[in-house]
Amino acid sequence: MLKKVAESVSWVGKTDWELRRFHGNEYSTHRGSTYNSYLVQDKKTALIDTVWKPFAAEFVDNLKKEIDLNDIDFVIANHAEIDHSGALPELLREIPDVPVYCTKNGIASLKGHYHEDWNFNPVKTGDSISLGSKELFFVEAKMLHWPDSMFCYLSGENILFSNDAFGQHYATEEMFNDLVDNCELYQEAIKYYANILTPFSILVTKKIDELLGMKLPVDMICPSHGVIWRNNPLQIVEQYQKWADSYKEDQVTIIYDTMWNATKRMAEAVAEGIKRTGTAARVKLFKVSESDSNDIITEIFRSKAVIAGSPTINRGILTSVAAILEEIRGLGLKEKQAAAFGSYGWSGESPGIIDSGLKEAGFNIIGEPLKLSWNPDKEQIQECLKWGEKLNIKD
Ligand code: FEO
């Protein structure tokens, strides 16, 4: 369906209210998502990105209801991932000669996905195409978050089409940031940053500096997922600058899993011990096997310290805790403090294994691993309280 965004720009994407898992099963989308595609109609017509493959036929049918596909002069593929390029094969079967503008890496990715030799036109930062009265400028955004990623900027309307950057997995019918619940919007925006963009934070900072250095007026930021930022659009850019800069709030997150509640009881006592110090920090506990891993990652992203626990099983740790440690390792979070704990019956390797995992993830260890045998009695609970109290958590 075509929805007006600005004088020459319409949204022609797909709102996916049903989506609950994304990137295979890797990312939870409690609020669905949108695949934003934009039609720019000046003297010439450009289509910016498409939609995810399952919606390809619907997308092309809807486009046909609005325009003659032969009127499309340029297809811009800001990013080759399937959620944005998925309708290209269906579309380009109808208009096979239309030029496709993307980065050099974009050509490699699109060919890798679809094995088609479309009319590719590689572009780099500074290149532009004229639509008649307005121009589309291209800005490469390598590794934000794929090697092919690119932004484009529409002069005259002052719109930045930022693809995944500044996006959110957030289905809405309202489409603009000033029309939606901003608490929900920012929950989805920070979850998106924490889970997808954290490994590229250094590049985020550099790209924002480069964009701001261009001194382009920005009246709107149109990402490829979620709402369009039209009310104070640079607010999300400023927020990204903060998130990219070793972001932390006054929060301590305790993550654990448990078999017979011994490690759970340790976790609760450690939380009480931390609060006994009189800290104003929020302390939150998550049993990882029962919690959404992307939501936990978001809480860890917001935290200054992470305390992780697992009982020992087969000289190792529970798979749920191993999985979240693997996610943490890959994200490359900066300036996080951490400590490990866990219960055991006879061998007791788990706190040491978690401690090593946290070190490998680059966390600063703030206490010796705490291990207790069997289910803690009163004295052992006191030990947990004191351990929590003595953790050297800094601001
Ligand atoms: Fe929304 Fe990287 O795709």
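Each ligand, and each atom within it, is numbered from 1 in the order the structure gives. Reckoned from all heavy atoms, side chains included, excluding hydrogens, waters and symmetry mates. Given the structure is predicted, the values throughout are model-derived calculations rather than measurements.
- For the pair K334 and F363, the cation does not sit on the ring face, since its NZ or CZ is not both under 6.0 Å from the ring centre and inside 45° of the axis.
- Within the structure, ring-ring contact (aromatic ring centres under 6.0 Å, His included) pairs that include any residue of residues 310-358 do not occur (at least two apart or interchain).
- Each of Y27, Y170, F22 was evaluated against H225; a single residue qualifies, F22, per the ring-ring contact (aromatic ring centres under 6.0 Å, His included) test.
- L88 pairs with exactly one of V51, T50, I82, D49 by the side-chain contact (heavy atoms from CB on, under 4.5 Å) rule, that one being T50.
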What side-chain donor-acceptor pairs closer than 3.5 Å can you find for residues 384-395, not counting sequence neighbours?
| from | atom 1 | to | atom 2 | distance (Å) |
| --- | --- | --- | --- | --- |
| W387 | NE1 | E368 | O | 2.9 |
| D395 | OD1 | K304 | NZ | 2.7 |

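- If you look at atom 2 (Fe) of ligand 1, the protein N, O or S atoms less than 2.8 Å from it are H79 NE2, E81 OE1, H145 NE2, D164 OD2.
- The ring-ring contact (aromatic ring centres under 6.0 Å, His included) search around F151 returns none, not counting sequence neighbours.
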